[in-house]
Amino acid sequence: MQSRKHKIESIATTHTVMSRHKDYLLLKDMNKKDECNIIGGRRFTTDTPKNFLNSIYCYGPCTAFSSYTKNDKTIESYLQRILNEKKYPYRVVNCGGVGSGNALNTDLNNFYALMDSEFKEGDFVIYFGRNLWSNLINFPEQMQIKFTDIFNNPPFDEIKCFIDMTEHIDETGNKIVADKIFERIESALKSQEKVAPFLDKIERKEYFDEELEKYLKILSKERVNKDKIGAIVMNCNPFTLGHMYLINEALKRIDFLYIFVVEEDKSEFSFKDRFSIVKENCKNLKNVKVLPSGKYMISSFTFAEYFNKDDLQDKNIMPAKDVNLFGNAIAPCLNIKFRFVGEEPLDNITRQYNETMKQLLKNFGVELVEIPRLKLSNGKFVNATEVRRLLKEKNFKECKKYLTKTTYKYVKKFFDSIFWRK
């Protein structure tokens, strides 16, 4: 490995200025303009997106902190810009640089800091340093990167990026390391098949085509002058007591409710039938408007997995496109501030959809409200899947327990003509 022989002044003077938090040390906050900012005990990472789905946390000694380099030249800042360019909805957090001058103590300090952190599913944790805790934390072999593997091999073996020791590299080395980390992260993300680009308002051209603009223009005619406006997007295949319960619970919390009926015709009941049943069930409700969803809410264009749920129950999905379009286009068009869903204890695809909405919609000023699923007196959840099963068996007596009177009359009257559409 090559070293830079000339002397360089460290800007990471904060290594000796620390405060204690629980059982470990934290860096004290400081502001040295664009050179070295520390906020909340963590070094500032530039270009962090306002909206993100998950985080990448970087722990370790001075290498993770990126000593000797300015804020925008740290490993974390380089990595953040790569993620932004590739449209991965992640922020990068610099948790490095905390220690006491002794390598072992530094490792232990970072271990305690890591253990005190809270992560969520989909986050990444990157540790710079020796794996002293292999019996406590499993670092997958395929995700490990050694500096010797990088800088002792072409094309980087002749690059002079080391300041004075293997832990101290300059901005050139930081960029190389960030590129290598991204390669591993992207490989892991692609294998999970669960990452979709986050739609920010600066990226309108990617989604806001002429067709969507026309749809929003039509939709804007349905706008009402109310304060607390909510929305439910329903397939209603068919409309059940559970759907009615969700609507009534939503109306207790808001002034006006939009009900969007999924327009995609891939269900046993046609869109025409489903739309008619919903309108009929809601005709006596005040402050409710029933509308078709168009192609921009739960459709093959935005969320194709929804129509193949039975085959995907064991898969991880990321319906970010659907959620982002709702938050960035539909909601502001109608001043929607609340999105209502029923809790999903049975369907893994719908559960992941709800979780994605919970994570993303808040970035657009929309609150997701989950309503506990309605149960029958026998403890069974009311759900349309069970209704369809009972209808296939022509078990109308049992089926009646799950349906409103309006829906039941419709199903009984038109059963032979509507079942089963292919």
Side-chain angles (χ1 to χ4, degrees), residues 51 53 87 89 193-224 229-239 243 257-279 282 288-312 315 317-336 338-341 347 349-350 352-357 360-361 363-364 366 368 384 421-422:
N51 301 315
L53 184 60
K87 293 185 171 58
E193 297 181 349
K194 60 179 297 184
V195 174
F198 189 92
L199 172 62
D200 203 344
K201 291 185 177 181
I202 62 173
E203 298 168 347
R204 288 177 62 93
K205 290 182 180 179
E206 184 174 349
Y207 291 86
F208 282 68
D209 57 13
E210 185 177 346
E211 187 177 357
L212 175 56
E213 298 290 0
K214 287 181 179 179
Y215 174 73
L216 293 176
K217 187 175 182 179
I218 296 171
L219 201 61
S220 65
K221 297 177 181 179
E222 306 293 344
R223 190 178 176 105
V224 296
I229 299 175
I232 302 175
V233 182
M234 293 178 163
N235 193 29
C236 301
N237 186 37
F239 190 95
H243 293 109
L257 178 67
Y258 289 102
I259 300 174
F260 294 99
V261 181
V262 174
E263 196 165 349
E264 189 88 17
D265 242 335
K266 290 189 176 182
S267 302
E268 285 82 357
F269 288 83
S270 70
F271 166 69
K272 180 180 178 181
D273 292 332
R274 289 183 286 107
F275 191 75
S276 297
I277 295 174
V278 176
K279 291 200 72 172
C282 297
V288 171
K289 187 178 288 288
V290 181
L291 299 171
S293 67
K295 64 176 281 190
Y296 299 103
M297 287 173 274
I298 306 185
S299 68
S300 295
F301 174 66
T302 64
F303 185 16
E305 296 92 338
Y306 183 86
F307 305 99
N308 192 29
K309 292 193 290 185
D310 291 345
D311 297 331
L312 298 173
K315 302 294 184 182
I317 64 161
M318 183 52 66
K321 184 176 184 178
D322 185 280
V323 181
N324 288 328
L325 276 169
F326 183 87
N328 205 18
I330 309 301
C333 179
L334 296 174
N335 195 29
I336 295 169
F338 301 89
R339 175 83 178 260
F340 294 90
V341 297
D347 179 5
I349 298 302
T350 303
Q352 291 181 75
Y353 181 53
N354 290 353
E355 184 61 30
T356 303
M357 285 192 284
L360 295 185
L361 286 181
N363 296 306
F364 299 103
V366 179
L368 182 78
R421 301 173 70 244
K422 299 295 183 182

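Residues Ala304 and Ser300 come closest through the heavy atom pair CB-O, 3.7 Å. The two residues Val366 and Ala331 make their nearest non-hydrogen contact at CG2-CB, 3.7 Å. Ser299 and Gly294 get closest at one heavy-atom pair: CB-O, 4.5 Å. Closest non-hydrogen pair, Pro332 versus Gly327, comes out as CD-O, 3.3 Å.
Counting only distance, with no hydrogens or angles, the side chain of Asn324 and the backbone of Ala320 share a donor-acceptor pair below 3.5 Å.
For Tyr215 and Tyr296, the ring centers are positioned less than 6.0 Å apart.
Of the options Ile298, Ile232, Ile330, a side-chain contact (heavy atoms from CB on, under 4.5 Å) to Phe260 is made by Ile330 and by none of the others.
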- [ ] Before giving the answer on side chain to side chain contact (heavy atoms under 4.5 Å, CB included), spell out for Val323 and Phe364 the whole-Å C-alpha distance, their side-chain angles and the decisive distance to 0.1 Å.
- [x] CA-CA 10 Å; Val323 181; Phe364 299 103; 5.9 Å; no

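The CG atom of Leu361 sits 12.5 Å away from atom CZ of Phe338, with the distance rounded to the nearest 0.5 Å. Here the CG-CD distance, from Leu334 to Glu222, works out to 8.0 Å after rounding to the nearest 0.5 Å. In this structure, CD1 on Ile218 lies 9.0 Å from NZ on Lys214, to the nearest 0.5 angstrom. In this structure, CG in Asp273 is found 12.0 Å from CD in Glu268, a value given to the nearest 0.5 Å. The distance from atom CG of Asn354 to atom CZ of Arg339, rounded to the nearest 0.5 Å, is 8.5 Å. Atoms CZ and SG, from Arg223 and Cys333 in turn, are 7.0 Å apart once rounded to the nearest 0.5 Å.
Between Asn235 and Ser267, some side-chain heavy-atom pair lies under the 4.5 Å cut-off. Looking only at side-chain heavy atoms (C-beta outward), Phe307 and Val262 come within less than 4.5 Å of each other. Looking only at side-chain heavy atoms (C-beta outward), Thr302 and Phe326 stay at 4.5 Å or farther from each other. At least one side-chain heavy atom of Phe301 sits less than 4.5 Å from a side-chain heavy atom of Lys321. Side-chain contact between Cys282 and Ile259 is present, with heavy atoms from C-beta onward closer than 4.5 Å.
Summarising the local packing, NZ of Lys295 is surrounded by more than 12 heavy atoms from other residues, nucleotides or ligands at distances under 6.0 Å.
For the residue pair Arg274/Asn237, the side-chain donor-acceptor check at 3.5 Å is not satisfied. For the 3.5 Å distance criterion, the side chains of Tyr306 and Asp322 fail to qualify, holding no donor opposite an acceptor.
Aromatic ring pairs are classed by plane angle as parallel below 30°, tilted from 30° to 60° and perpendicular above 60°; the pair Phe275 and Phe271 is tilted.
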